[in-house]
Amino acid sequence: MVKPFASSADTTAKEETFTELAAGVYALTAEGDPNVGAIEGEDFLVCFEARATPVAARRWLDKLREHTDKPVRYLVLSHYHAVRVLGASAFGAAEIVAHDQTRMLIAERGRQDWDSEYGRMPRLFEEPSSIPGLTWPTVTFSDRLTIPLGGSRGDLVLAYCGRGHTAGDIVAWLPGERILFAGDLVEARAALYTGDAFHNDWATSTLDNVAAFPAEALVGGRGAVAVGADAVAAAIAQSRHFLDELRRTVGWVHGDGGTLADAFRAAHTALAPGYGGWPIFEHCLPFNVQRYWDELDGIDWPRVWTAERDREVWEALQG
Ligand SMILES: [Zn+2]
């Protein structure tokens, strides 16, 4: 049977779950679709992630508005991927915050990434004509940025943990509540996408830095909220194990003089028993294997995915 390209055949709307993790700290998860969050300051809101289109973002904002009518001062983007940033205009945020490298990646490949992700995940692009153009951060930083929330609400700390899912992922940390928004650096019972990743850094020092936050709740990029230190550790461990198995199998085939197709089969065989039933596993794996193969070939900076290159790699590995 021919596998439909990426997530193009996934047309069923996912059930959304709204959670108030602590007073004024919110997350919306959706059975493996990209998660979003929000944190109340004294007289403003910080939103985390923007969804794929303004129309999709507005559905999230409508839910949020049942709990708070504070204006959005900051929209924080964990990284540059289209399904997380192109809905930004709906927030009316005073500032759009991201990592320095995220701004650079949007300039370098934002347009191609938009086309690529639209082809891979069309369902997430609700009314794509509502997107006014690329999303540009207004504030960027390299290491850490602290947002005082006002009153007795403490700080929100935005932190770079190293190269991982992309060159410019950031996490959002609430030290008082011990809640971590980890973006796509950590997934909870959803497959990892590593097509723009730095596997070796991510699986080692970057996830070590994520794990160093003493989190008691973690909102990953996809999947349910991990609640409790054990669940947080399990989500991080699962993400690391996925990366380690990918590195082990693709690395073995590459070192042994095999082909990219051999590497894909080896990775699939190793990962499918544990991860095959999780969202976007089949969709991501060809792109993941191709990117790690490139890394092993010495290509440090990820090649740009275009709609055409997506189809070529898919055809070669899943076709
Ligand atoms: Zn991503």
Side-chain angles (χ1 to χ4, degrees), residues 6-7 10 14 27-30 32-37 48-53 56-57 75-88 96-99 101-106 108-125 134-135 137 158 160-172 180-199 201-203 206-207 210 218-223 235-236 238-239 242-243 246 278-281 283-288 290-292 301-306 310:
S7 289
D10 173 5
K14 301 294 182 269
L28 190 73
T29 64
D33 275 359
N35 295 334
V36 288
F48 190 77
E49 313 286 41
R51 290 191 158 175
T53 69
L75 172 63
V76 176
L77 305 173
S78 72
H79 62 287
Y80 78 95
H81 282 149
V83 296
R84 299 191 179 266
V85 306
L86 292 179
I96 298 177
V97 186
H99 191 263
Q101 295 268 36
T102 290
R103 175 152 58 197
M104 194 272 282
L105 285 160
I106 290 168
E108 182 201 40
R109 60 183 69 195
R111 183 67 234 188
Q112 290 95 324
D113 178 68
W114 178 349
D115 293 341
S116 160
E117 296 199 42
Y118 181 59
R120 293 179 186 187
M121 297 171 274
R123 178 176 53 78
L124 297 181
F125 286 77
L134 291 173
T135 297
L158 307 181
Y160 179 64
C161 295
R163 305 195 302 182
H165 172 73
T166 71
D169 304 271
I170 56 173
V171 301
L180 186 68
F181 291 85
D184 272 334
L185 289 173
V186 179
E187 312 294 1
R189 302 187 68 79
L192 274 68
Y193 174 64
T194 72
D196 300 305
F198 298 81
H199 290 74
D201 291 3
W202 188 0
T206 300
L207 279 181
V210 173
L218 181 148
V219 184
R222 293 172 180 261
I236 295 170
Q238 174 233 301
S239 300
F242 186 100
L243 293 168
L246 195 63
W278 293 6
I280 68 172
F281 173 78
H283 157 170
C284 290
L285 199 62
F287 309 121
N288 293 354
Q290 175 69 65
R291 168 57 191 152
Y292 191 52
W301 193 244
R303 288 198 273 158
V304 175
W305 290 105
T306 62
D310 282 4

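Whatever order the structure lists ligands and atoms in, that order sets their numbers, starting from 1. Keep in mind that what you see is a predicted model, and the values were worked out from it rather than measured.
For Glu187 (side chain) and Arg222 (main-chain N/O), a donor-acceptor pair under 3.5 Å exists by modelled atom type. Checking side-chain atoms of His81 against main-chain N and O of Val83 turns up no donor-acceptor pair under 3.5 Å.
Taking 2.8 Å as the limit, the number of protein N, O or S atoms around the Zn ion (ligand 1) is 4.
Taking the side chain as every heavy atom from C-beta outward, Tyr292 and Thr194 never approach each other to under 4.5 Å. Side-chain atoms of Trp301 and Phe198, non-hydrogen and from C-beta on, do get closer than 4.5 Å to each other.
Ring geometry, Tyr118 versus Phe125: the interplanar angle exceeds 60°, so the pair is classed perpendicular (tilted spans 30 to 60°). Taking the six-membered ring where the residue is Trp, His199 and Trp202 present tilted rings, their angle falling between 30° and 60°.
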